[in-house]
Number of protein chains: 2
Amino acid sequence: MLEKSITLPEEAGKELSELEIEAIQMFINFLKLIGLPKSVGEIYGLLFVAPKPLAMDEIMSRLNISLGAASQGLKLLRGVGAVKATYVPGDRRDHYVADLELSKFATAFIKEELHPRMERALERIRRMEQLSADMTPEQRKATMMKIERLKHWLEKGNKMLPWILKFLVR
Amino acid sequence: MLEKSITLPEEAGKELSELEIEAIQMFINFLKLIGLPKSVGEIYGLLFVAPKPLAMDEIMSRLNISLGAASQGLKLLRGVGAVKATYVPGDRRDHYVADLELSKFATAFIKEELHPRMERALERIRRMEQLSADMTPEQRKATMMKIERLKHWLEKGNKMLPWILKFLVR
DNA sequence: CAATAATTTCAATAAAAAATGAAGTCCCGG
DNA sequence: CCGGGACTTCATTTTTTATTGAAATTATTG
């Protein structure tokens, strides 16, 4: 059976252009901020500047990332609405395009990270209020003051969120 | 040479109260959001509900964390303004108190994470504009449009930050 | 000033997170 | 329906990040 020449480590798909590299680095940095792994930033960065839809294997070979990373990264990006699959006639593969609406990331972050944590925090605060019931009056007073602070802060955050969202989305 | 009885894993300092546990878990979760390690959340959580200043070794033994983690965590928290060292008469050790102003974390995050990344992103965008100079007019047009989007979004974010800060700080 | 307690630092280790790629699943076109 | 490409999953490995604790440094105090 014939075998292609051994794949050199640095061979990969077409080299990335400088433009692509800048875009990719930019998104790696930004998405890291909201806790997304490097590979996701790479994929989105590449798609962001791509002049046409890219298939998964193109993404893999351009970025030198594994099948699994490409598949999972695209899944996440699709889930968040930051990438769309498009139909390309005469090609069996899915092709992907970046949604240029950056607010998708902010929205997803707020919905998936911030909100749940705030909810959880409110539960804990309620629990803390209960617990402070059996304390000496003195301790109780001090504790309640702190809890009030926490609540106040959370409420402030909660009030701000819709405003931020509206502002970001357009 | 005499040896103390073997230290049991679960021995440690005075057990944490339920209240302390709730507070600690809450802050672990919140601070994780802005990329701070668990130990930092633990320390802040403990200090937040503590009725009096705590020395580093008390923190260590209550939380069962190492000398290094305690020292580094406190250093970080002090750096961010979330914890203050107080003088306790007749005690050689430093004692620490939580600053209840939660906005300290938001401020630090914006200053230390968000702002630098935005600056860096703007640099990259400038570079991208340069690079798009030698492209076919068609490609160039499409690329410039994307770059405009990026800029627009960054500017929007930049305008929003001071507002958010003002809102959070009181 | 010693003596020693308190704290910081940092190389080594452990824990957590991300990437890999082989095995399995799901089509689509003949 | 079956053959094979496209994709997904997930156990394993790699990489990154956090924690540990011993050694070095910096006070404090008798």
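Atoms considered below: every heavy atom in the structure, side chains included; atoms not considered: hydrogens, waters and symmetry mates.
Rounded to whole angstrom, the span from the CG atom of A:L76 across to the P atom of D:dT8 amounts to 13 Å. What separates CG of B:D94 from P of D:dT26 is a distance of 16 Å, to the nearest Å. In this structure, CE of B:M60 is placed 9 Å from P of D:dT20, rounded to the nearest angstrom. The distance between atom CG of A:L77 and atom C1' of D:dC7, rounded to the nearest whole Å, is 16 Å. For the pair B:N64 CG and C:dA14 P, the interatomic distance rounds to 18 Å; values are reported in whole Å. The NE2 atom of A:H95 sits 13 Å away from the C1' atom of D:dG5 (whole-angstrom rounding). Residue A:L63 contributes atom CG, which lies 17 Å from atom P of C:dA18 at whole-angstrom precision. Atom CE of B:M56 and atom C1' of C:dT8 are 8 Å apart (whole Å).
Using a 4.0 Å cut-off, some side-chain N or O of B:K75 falls inside it from OP1 or OP2 of C:dT9. Put simply, B:R78 has a side-chain N or O that comes within less than 4.0 Å of OP1 or OP2 on C:dT8.
Inter-residue side-chain proximity for A:E22 and B:I125 is flagged as unmet; no heavy-atom pair is nearer than 4.5 Å. B:D94 is not listed as a side-chain neighbour of B:M56, based on a closest heavy-atom distance of 4.5 Å or more.
A distance-only check finds a donor-acceptor pair linking the side chain of A:R62 to the backbone of A:E15 [under 3.5 Å]. For the pair A:K111 (side chain) and A:A106 (backbone), a donor-acceptor distance under 3.5 Å is absent.
Each of A:G68 and B:L67 lies near DNA chain D, and the nucleotide nearest A:G68 is the one positioned closer to the 5' end.
Among the nucleotides D:dA18, C:dT7, D:dC7, the one closest to any side-chain atom of B:P37 is D:dA18. Ranking C:dA22, C:dA6, C:dT8 by closeness to the B:R93 side chain, first place goes to C:dA6. Taking only side-chain atoms of A:A69, from C-beta outward, the nucleotide of D:dT8, C:dA19, D:dT20 with the closest atom is C:dA19. Across D:dT20, D:dT8, C:dT8, the shortest atom-to-atom separation from the side chain of B:Q72 is found for D:dT20. In this structure, of D:dA18, C:dA19, D:dC7, it is C:dA19 that holds the atom nearest to the side chain of A:S39.
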Within the sub-3.5 Å range, which N or O atoms of nucleotides 14-17 of chain D have a protein N or O partner, and how far apart are they?
none

Would you tabulate the pairs of protein nitrogen or oxygen atoms and nucleotide nitrogen or oxygen atoms of nucleotides 27-30 of chain C closer than 3.5 angstrom?
residue	atom	partner	partner atom	Å
C:dC28	O2	A:R92	NH2	3.4

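A:R117 and A:E113 are joined by a salt bridge, as a carboxylate oxygen and a charged side-chain nitrogen come within less than 4.0 angstrom of each other. One finds a salt bridge joining B:K151 and B:E129 here, because a Lys/Arg side-chain nitrogen approaches an Asp/Glu carboxylate oxygen to under 4.0 Å. Salt-bridge annotation for A:E58 and A:K14: absent, with no side-chain N of the basic residue lying under 4.0 Å from a carboxylate O of the acidic one. Using a 4.0 Å cut-off between charged side-chain N and carboxylate O, B:R120 and B:E123 make a salt bridge.
Counting non-hydrogen atoms under 4.0 angstrom, A:D57 reaches nothing in the nucleic acid. Heavy atoms of B:L74 sit nowhere under 4.0 angstrom from any nucleic acid atom.
More than 12 heavy atoms of other residues, nucleotides or ligands sit less than 6.0 Å from atom NZ of B:K84.
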Run the numbers on A:V40 and A:Q72 for side-chain contact (heavy atoms from CB on, under 4.5 Å), then give the verdict. CA-CA 9 Å; A:V40 171; A:Q72 291 185 171; over 6 Å; no
